[in-house]
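For reference, positions follow the sequence shown, starting with 1.
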Amino acid sequence: MWLVRSLRVVCPVAIGVFSTMVAFNDGVAGHITVVGGSMRPTLNPNPNTDKGDRCLVYKWNYKPTRGDIVCVRSPNKPGGSVIKRIIGLEGDFVKVRTSTPLKMVQVPVGQVWLEGDNTAWSLDSNTYGPVPVNLIEGKAVCVTWAQDFPHSWSENRFFTKLATEDRPHRRATDKEFVDWLNRKKEFKRQKMERLCEVKWELKTREKSQQEEKEAEHKALEWERLRKPWEQFGDEFDLLFLDAKEKTNH
């Protein structure tokens, strides 16, 4: 009987504690294990281990700020989460790391531009574009467990606050924005000129083909008219060719 009475007391308490922990983790703060080297050297600085830093993520009433390291629900891997740094907010013009002629994007309303600190190994907004704000789970505040423990004790990486580092060089200045607009207009003008050239070439080619068809049809018609008079010999051929030349002229 005492076991049943104990369970009646312990079970509701355990369920309440568990529910509180889940609610706390979902709405207030939680932990995430950083995978990969996209945020190196800020996070996972040691490339020689498969372990990852564990970070405390603050979620309560968080408002995105340029330079913050944030935990985001992965836009290209459902159910997964990634850690990136906010480079641009809505309305900002961000320089895209691509080889296309237009290397600037304006962040749409309600979205942010994310990038990893290790740009050479980061799958971020340069690949999948701006990310909706509602995918942000919270801000990574500090490292609670380092990947290279116990060596990290000497580097004092435990519970060290992750700094907000703005990267203004990744956003466009006024001059760069004007230059980008001019390049965009020039690119559009060149594209229209090339389109007109292609249309003219096609039209000229069609006209030439039409003229060739007409000449071929005319030659066949003259041949059809000449055949019934072949019996009259070479004298008729001369008269026929003379009439054909006069008709062509």
Rounded distance (nearest 0.5 Å) linking atom CG of Asn76 with atom CG of Leu123: 5.5 Å

Heavy-atom closest pair, residues Lys77 and Ser74: N-OG, 3.1 Å

Sidechain-backbone polar pair: Arg97 side chain, Ala120 backbone, donor-acceptor under 3.5 Å: no

Single-linkage hydrophobic cluster Ile136~Val57, side-chain heavy atoms < 4.5 angstrom: no

Minimum heavy-atom distance between Asn44 and Val34, given as atom pair plus value: ND2-O, 3.0 Å

Single-linkage hydrophobic cluster, 4.5 Å side-chain cutoff, Tyr62 and Val112 together: yes

Sidechain-backbone polar pair: Thr204 side chain, Trp200 backbone, donor-acceptor under 3.5 Å: yes

Within-4.5 Å side-chain heavy-atom neighbours: Lys84 and Val131: no

Heavy-atom donor-acceptor pair, Arg85 side chain to Glu115 backbone, under 3.5 Å: no

Pair Thr33-Arg54, side-chain donor/acceptor within less than 3.5 Å: yes

Working for side chain to side chain contact (heavy atoms under 4.5 Å, CB included), residues Leu56 and His31: CA-CA 5 Å; Leu56 175 66; His31 275 86; 4.1 Å; yes

Atom of Ser81, atom of Cys71 and distance for their closest heavy-atom approach: CB-SG, 4.0 Å

Arg189 atom CZ, over 12 foreign heavy atoms within 6.0 Å: yes

Atom pair CG (Asp166) and CD1 (Ile87), whose distance is rounded to the nearest 0.5 Å: 7.5 Å

ILVMFWY network linking Val141 to Trp60, side-chain heavy atoms under 4.5 angstrom: yes

Gap separating the CG atom of Asp68 from the CD atom of Glu165, nearest 0.5 angstrom: 11.0 Å

Test applied, side-chain hydrogen bond (donor to acceptor under 3.5 Å, both in side chains); reference residue, Asp92; option that passes from Arg170, Arg66, Gln106: Arg66

Contact summary for Pro130 and Gln111, nearest pair of heavy atoms: CB-OE1, 3.1 Å

Test side chain to side chain contact (heavy atoms under 4.5 Å, CB included) applied to Leu114 and Val82, step by step: CA-CA 10 Å; Leu114 304 176; Val82 296; 5.8 Å; no

Donor on one side chain, acceptor on other, Gln190 and Glu186, under 3.5 Å: yes

Evaluation steps, side chain to side chain contact (heavy atoms under 4.5 Å, CB included), between Leu162 and Leu43: CA-CA 9 Å; Leu162 296 174; Leu43 298 170; 3.9 Å; yes

Side-chain heavy atoms of Ser38 within contact of Ile83, under 4.5 Å: no

Sub-4.5 Å side-chain heavy-atom contact between Thr164 and Lys139: yes

Step-by-step salt bridge (charged side-chain N to carboxylate O under 4.0 Å, His left out) determination, Lys203 to Glu206: CA-CA 5 Å; Lys203 188 175 181 180; Glu206 289 176 358; over 6 Å; no

Nearest atoms (heavy-atom pairs only) where Gly88 meets Arg171: CA-CD, 4.3 Å

Check: Asp124 and Trp113 side chains under 4.5 Å, non-hydrogen atoms: no

Common cluster, Tyr128/Leu89, ILVMFWY with side-chain heavy-atom separation under 4.5 Å: yes

Path from Leu135 to Val70 over hydrophobic side-chain contacts below 4.5 Å: yes

Trace of the salt bridge (charged side-chain N to carboxylate O under 4.0 Å, His left out) decision for Asp179 with Lys175: CA-CA 6 Å; Asp179 291 342; Lys175 183 178 183 304; 3.1 Å; yes

